[in-house]
Amino acid sequence: MPTEEELINIRKEKRETLLKNNNPYPAKVKKHTKITEIRSNFQQNTINNQYVINGRVIAKRKMGKIAFIDIQDGSDVMQIQLSKEKLGTIFEIINLIDLGDFISVNGSLFKTKTEELTIGVEDIEIISKALRPPPEKWHGVVDPEIRYRSRHLDLISNKRSRQIAIAFSKTIQSIRNYLHSKDFIELQTPILQENAGGAAAKPFITHHNQLNQDLFLRISLELHLKRLLIGGFEKIFEIGKVFRNEGISYKHNPEFTLLESYEAYADYNDVAKMLKELIQFCAQEVVGNLEIKNGDHIINLAGEWEKLTYIDALHKFAGIDYLKIKEDKDLINKAKDLGIHISKNPSRSIILDEIMKKFVEPKLIQPTFIFDYPTEISPLAKKIDGNENFVERFELFILGYEFANAYSELNDPIDQRERMTEQAIKAKNKDEEIELIDEDFVEALEYGMPPAGGLGVGIERLAMLLMGEHSIREIILFPAMRTKETN
RNA sequence: GGGCCCGUAACUCAGCGGUAGAGUAGAUGCCUUUUAAGCAUUCGGUCGUGAGUUCGAAUCUCACCGGGCUCACCA
């Protein structure tokens, strides 16, 4: 018989024994005091005060006629003491309590010889009998596979995982607080869509039975939120999961949390200003500091952030003087010199973007805005007046990867239709799903959309930055994993 | 997808051609101030799976499964 089964059977027997007297899974438990509250209220005159605490047994030290148990609630850990002298036959319950059980105790506060604040138990009840043993107490669970697949065990044994989860929650909370303070309202748009647009990513496909129709899971929030601008809202945002059917890596998960905001009568310069404030606000709220350690880097979020145009960045980091390169073949040769892999019939923008990714982005460690992207790779952004090859778009880079993407939103329906058509043709030629024409969206645009600045931020990546974490799997509680075959 | 690494008890790990080990957790006994409690006894394994090499494989080889790091892909 496997060991684990034996351990479980022993606990099942204890459960049976408990059932003879009391239900070890009661619905109603006594009102309790948080452990942190007992500790922070502690003064000499709270000695002997009566408290009820509820929580999980994380350590048990029995020594004959006296026993100590460490109880952990959502706030902290506290030691309790059971003595045979005080409890009589009730003391025997110690033999039915295992690590991992939830118990409720009532007793009076005192200090042991070693000055440890302790509850002297007068009343004790098992309120949830655990059947499986918790992870080992010194090291806890360290195997990343167990940590990701069984996050409950990770959370039980690793404080850090809990801190990260809380930080992620605070990040979202502080984003909401900031945007609400700026009079944005939060709206919801559909996850199941007829067209998955607003970004260039492969969507997940699902099927609605009654409609007998395939639907896509959204890859961005953009097109629906813009329809709400058309409908008359002026400052809106959404925080929600999007789904991209692409590779999994330390910075990619198939589903992740995206913030998108749209502000009417603003342009991308306004958005850049807001984004900086937003991130500084989050950092202050979540870590209380604008200097963030991440690996070997110390990221300084304070003060002004560097701004470079796309063209200047290429010049500065890759030595590409775009304005002096007149012929496509000269650019192709430059790219080849840099060791960039060139597909057949590349356009200028695609080559530039390749160089950008390989030579510029990895060097942008401190917060850096890159402004004015090529039109060809930005089908939803407004062209710069008098310079049709570039659009009013910026991306924010920190730690060498993209944090945010924003533009002055394209609101000329004729231009929009042309640009989407170009993308569709290109996608068809390359047999890729880049972006199809969303007729409903373009038609909506024809009713008039106010000039607006839009923003998209990957929240997990923001949390990674703030928490100094290198892997998105540390941020996402249940990261995508391959199904494990059971032998 | 390529390269490198990992998979041994429920958990954390050692062992790396010659009888499968430790600590934690569990069980039993002793123990009224412990807190990684202690002491003693004890239970617990298809060494990820499958083939191969070998007198002999946890150990060497190959394939597969799962995971990690990294490169590539990915707006």
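Residue numbers start from 1 in every chain, and the chains themselves are labelled A, B, ... in the order their sequence lines are given, proteins ahead of strands.
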Exercise. Is there a donor on the side chain of A/Q79 or the base of B/U34 sitting less than 3.5 Å from an acceptor on the other?
Worked result: yes
Exercise. Take atom CZ in A/R160; do more than 12 heavy atoms of anything else shown fall under 6.0 Å from it?
Worked result: yes
For this session: Searching all strands shown, indicate the nucleotide that pairs with B/A63 (Watson-Crick or G-U wobble; both distances under 3.5 Å).
Result: B/U49
Seminar exercise, completed: Against the side chain of A/I66, the closest entry in B/A37, B/U32, B/G66 is B/U32
Problem set entry | B/G67 OP1/OP2 closer than 4.0 Å to side-chain N/O of A/R482 | yes
Exercise. What nucleotide among B/G68, B/U33, B/U12 has an atom nearest to a side-chain atom of A/P144?
Worked result: B/G68
Exercise. Atom CZ of A/R151 to atom P of B/G67: distance rounded to whole Å?
Worked result: 15 Å
Problem set entry | A/V141 side chain, from C-beta outward: closest of B/G26, B/U12, B/C69 | B/U12
Exercise. Does A/V77 offer a backbone N or O that forms a donor-acceptor pair with the side chain of A/R39 under 3.5 Å?
Worked result: yes
For this session: Counting Watson-Crick and G-U wobble pairs only, both distances under 3.5 Å, name the nucleotide matched with B/A20, or none.
Result: none
Problem set entry | Distance test, side-chain N/O of A/K137 to OP1/OP2 of B/A25, below 4.0 Å | yes
Exercise. Is the base of B/C74 touched by the side chain of A/H252 through a donor-acceptor pair closer than 3.5 angstrom?
Worked result: yes
Seminar exercise, completed: Looking only at B/U33, B/U32, B/A10, the nucleotide nearest the A/E4 side chain is B/A10
Exercise. A/R61 side chain N/O closer than 4.0 Å to the phosphate oxygens (OP1, OP2) of B/U34?
Worked result: no
For this session: Sticking with atom C1', work out how far B/G15 lies from B/C60, rounded to a whole angstrom.
Result: 16 Å
Seminar exercise, completed: Side-chain contact check for A/H470: nearest option of B/C74, B/C69, B/U34 is B/C69
Problem set entry | Listed nucleotide nearest any side-chain atom of A/L7, set B/A25, B/C11, B/A37 | B/A25
Exercise. Rounded to the Å, how far apart are A/L99 CG and B/A37 C1'?
Worked result: 14 Å
Problem set entry | Span that lies between the P atom of B/C65 and that of B/G50, in whole angstrom | 15 Å
Exercise. What orientation do A/H470 and A/Y250 show, parallel under 30°, tilted 30 to 60°, or perpendicular over 60°?
Worked result: parallel
Problem set entry | Between B/U53 and B/A14 - P atom distance, rounded Å | 31 Å
Exercise. Does the A/N106 side chain pair with the main chain of A/Q50, one donor and one acceptor, at a distance under 3.5 Å?
Worked result: no
For this session: Could you check whether A/R132 gets within reach of a base, just the sugar-phosphate, or nothing at all, counting any heavy atom under 4.0 Å?
Result: nothing
For this session: State the pairing partner of B/C4; accept Watson-Crick or G-U wobble contacts with both distances under 3.5 Å, and report none otherwise.
Result: B/G68
For this session: Identify, between A/A480 and A/I248, the residue whose nearest nucleotide on RNA chain B lies closer to the 5' end.
Result: A/A480
Exercise. Looking only at atom types and distance, does a side-chain atom of A/R218 sit under 3.5 Å from a main-chain N or O of A/T189, one as donor and one as acceptor?
Worked result: yes
Exercise. If we call it a pair only when both distances are under 3.5 Å in a Watson-Crick or G-U wobble match, what pairs with B/C39?
Worked result: B/G29
For this session: Could you work out which one of B/U12, B/G67, B/A27 sits closest to the side chain of A/H139?
Result: B/U12
For this session: Considering just the side-chain nitrogens and oxygens of A/R473, establish if one lies under 4.0 Å of OP1 or OP2 belonging to B/C69.
Result: yes
For this session: Determine, step by step, whether A/Y268 and A/F371 satisfy the ring pair (Phe, Tyr, Trp, His ring centres under 6.0 Å) criterion, reporting the C-alpha distance in whole Å, the side-chain angles of both residues, the deciding distance to 0.1 Å, and the verdict.
Result: CA-CA 9 Å; A/Y268 72 151; A/F371 273 78; 5.2 Å; yes
For this session: Tell me which nucleotide among B/U12, B/A25, B/U33 gets nearest to the side chain of A/D143.
Result: B/U12
For this session: Answer yes or no: does atom CD of A/E92 have more than 12 heavy-atom neighbours from other residues, nucleotides or ligands under 6.0 Å?
Result: yes
Exercise. Which base, if any, makes a Watson-Crick or G-U wobble pair with B/A9, both distances under 3.5 Å?
Worked result: none
Exercise. Any idea which of B/G26, B/A10, B/G23 is nearest the A/D98 side chain?
Worked result: B/G26
For this session: Establish whether the base of B/U32 is bridged to the side chain of A/S83 by a donor-acceptor pair shorter than 3.5 Å.
Result: no
Problem set entry | Base partner of B/A57, which must satisfy Watson-Crick or wobble distances under 3.5 Å | none
Exercise. Base, sugar-phosphate, or nothing: which does A/L153 touch, judged by heavy atoms less than 4.0 Å apart?
Worked result: nothing
Seminar exercise, completed: Closest of B/U33, B/C74, B/A75 to the A/K113 side chain is B/U33
